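Everything numeric in this text was worked out from a predicted model, so none of it was measured. Note: hydrogens, waters and symmetry copies are ignored here, and every other heavy atom, side chains too, is used. Residues: numbered from 1 along the sequence shown.
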Amino acid sequence: MYIVSIADQKTGRRLELTLPLTEYELDRQLTSAGVEHLADVKIDGVRHTEDIITLPEELSPSTIFELNILLAKLERHDEYWLNDFSAAVKAFDFDSAKELINLTYDIEYGKYVFCRTADNRYALGKWYVEHEGGIVSPWVEDNLDYESLGRDLDKYEFKGKFCDSGGYVYLPKHNQIEDVYDGLHLPLLHDNNESSTSLCYENEHGAKVFLSLPAGPLMWQELYRQMDNDSTFTLTESVVLGQCVRLDERTDVEELNRICERIKDISPKESTKLKEVFEYANSALGDEDVFTKYGAKNTGCHERLRAIYEHLGDFDFIPNVVGESGLAWYLVKNKFPNFEADEGLWSYIDYDRLGHDWHEIVHGRFTGSGYVIDETPPEQTLTEGELKL
């Protein structure tokens, strides 16, 4: 984690934040401290809580959100990786937030080579023979001029840098560096994890800006900053609960944001269930309109999400089952009503048939992480108690 010292230039108030945070939590902490305008936030210092890594003093991110992206990417890695990152930062004099964010991508993609034991030219020559030199007989190995080999590798082949902290880093000739981050349009912080909801706006040149939902007032300011008064940006993609969803003209983005605000604090178990039921409802559109059944007023994404969220209790979700036999095994093992059996008989049950027959009755649906059942009973001869879990 990182301690970030900031000042509100409008009020003069100073505070410290522990980053990284989700965009929404960062927005909430800033607004709770009285920050009204993103441009008023001045970053005075950044330090790692355990002093594992030191960022350049000249680091001057465009906004606190840009800094948060950088720190979130660094937080994903262990001390070993961070040492490599620090070595590259110092060796190549990277000092801007843009350069550092792109460096994280380059190291993750394996574009840089780190010779951690090569503290000088002799050691670089030894490293090359041990890691890249192919087959070398012991007699030849004992008579190599490692100093000259390391010198020529450094000067003509690698053209890298010896690191102050030890080791050598270089960029192979065949590895081309292309900036993932252009310095304005920030990458998505959460990378569309299973519970995330976000919007993507794209301009006529293909540049994309993202807005995670729920979004606070400073997040909207950050979105408009990245759009940079470009009127060609239009909403092109959406991810709702980790699923790509088409937004039609009936979707009210502000209302979608308010619904995401309502669901952000539900438990992890309920969050998983909501995601899977929403997936079920989308996949069932060809059979029946689940959304309309539960009160969606139109096809807008905000209405669909609201309908499922407000009627989540009308669905059952069985987690972590795959296939009809896996479903039957789960029901028997957990002694669901109508599935009780002495454990001595478990090995003799035809789980394929049992799961198939029950699936045919309840008309559930397998999703990415389990099995969803709409508890509203279909027209069957079974009683409501037999259909419910």
Classify the ring geometry between W81 and F85 as parallel (under 30°), tilted (30 to 60°) or perpendicular (over 60°). parallel

For the residue pair Y170 and Y168, categorise the inter-ring angle as parallel (less than 30°), tilted (30 to 60°) or perpendicular (more than 60°). tilted

Strictly by modelled atom types, are D182 and H185 linked by a side-chain donor-acceptor pair under 3.5 Å? yes

Interatomic distance, S283 atom OG to R365 atom CZ [nearest 0.5 angstrom]: 4.0 Å

V245 and F278, any side-chain heavy atoms less than 4.5 Å apart: yes

Donor-acceptor contacts under 3.5 Å from residues 318-335 side chains, at least two apart:
| unit_1 | atom_1 | unit_2 | atom_2 | d |
| --- | --- | --- | --- | --- |
| E324 | OE1 | H356 | ND1 | 3.3 |
| E324 | OE2 | H356 | ND1 | 3.4 |
| N334 | ND2 | Y330 | O | 2.8 |

Step by step, work out the salt bridge (Lys or Arg N to Asp or Glu O under 4.0 Å) result for D374 and K293. CA-CA 11 Å; D374 184 343; K293 175 181 176 181; 2.6 Å; yes

For K10, is there an ion pair with E36 - N to carboxylate O distance below 4.0 angstrom? yes

Give a yes or no on whether E340 atom CD has more than 12 heavy-atom contacts from other residues, nucleotides or ligands under 6.0 Å away. yes

Would you call the rings of Y371 and W358 parallel, tilted or perpendicular, taking 30° and 60° as the class edges? tilted

Please lay out, stage by stage, how E310 and R262 fare under the test salt bridge (Lys or Arg N to Asp or Glu O under 4.0 Å). CA-CA 10 Å; E310 292 181 352; R262 292 171 61 190; 3.3 Å; yes

Residues E237 and Y201: side-chain donor-acceptor under 3.5 angstrom: no

Does any non-hydrogen side-chain atom of L199 lie less than 4.5 Å from one of F210? no

Do T63 and E222 get their side chains close enough for a donor-acceptor pair, meaning under 3.5 Å? yes

Between Y294 and Y309 (judged by ring centroids, cut-off 6.0 Å), do the two rings come close enough to count as a pair? no

Between C115 and V169, is any pair of side-chain heavy atoms under 4.5 Å apart? no

What's the verdict on salt bridge (Lys or Arg N to Asp or Glu O under 4.0 Å) for K161 and D154, showing C-alpha distance, side-chain angles and the deciding distance? CA-CA 8 Å; K161 299 282 186 179; D154 176 37; over 6 Å; no

Determine whether E108 and H77 satisfy the following criterion, side chain to side chain donor-acceptor pair (under 3.5 Å), listing intermediate values before the conclusion. CA-CA 10 Å; E108 289 168 352; H77 298 287; 2.8 Å; yes

Separation between OG1 (T104) and CD (E99), nearest 0.5 Å, reads 12.5 Å

Any side-chain heavy-atom pair from S198 and L211 closer than 4.5 angstrom? no

With a 4.5 Å heavy-atom cut-off, do V4 and I64 have their side chains touching? yes

Test: K73 cationic atom under 6.0 Å from Y105 six-membered ring centre, within 45° of axis: yes

Pairing donors with acceptors under 3.5 angstrom, does anything connect the side chains of T367 and E279? no

Given side chains that start at C-beta, do those of I263 and L241 come closer than 4.5 Å, heavy atoms only? yes

Applying the side chain to side chain contact (heavy atoms under 4.5 Å, CB included) criterion to Y2, which one of L74, N68, L70, T49 satisfies it? L74

Under 6.0 Å from the ring centre and within 45 degrees of the ring axis: does the NZ or CZ of K126 meet both conditions for the six-membered ring of Y146? yes

Return the CG to CG distance between N338 and L354, rounded to the nearest 0.5 Å. 10.5 Å

With the side chain counted from C-beta on, respond yes when F94 and N102 share a heavy-atom pair under 4.5 Å apart, and no when they do not. no

Using a strict threshold of under 4.0 Å (side-chain N to carboxylate O), is an ion pair present between D316 and K273? no

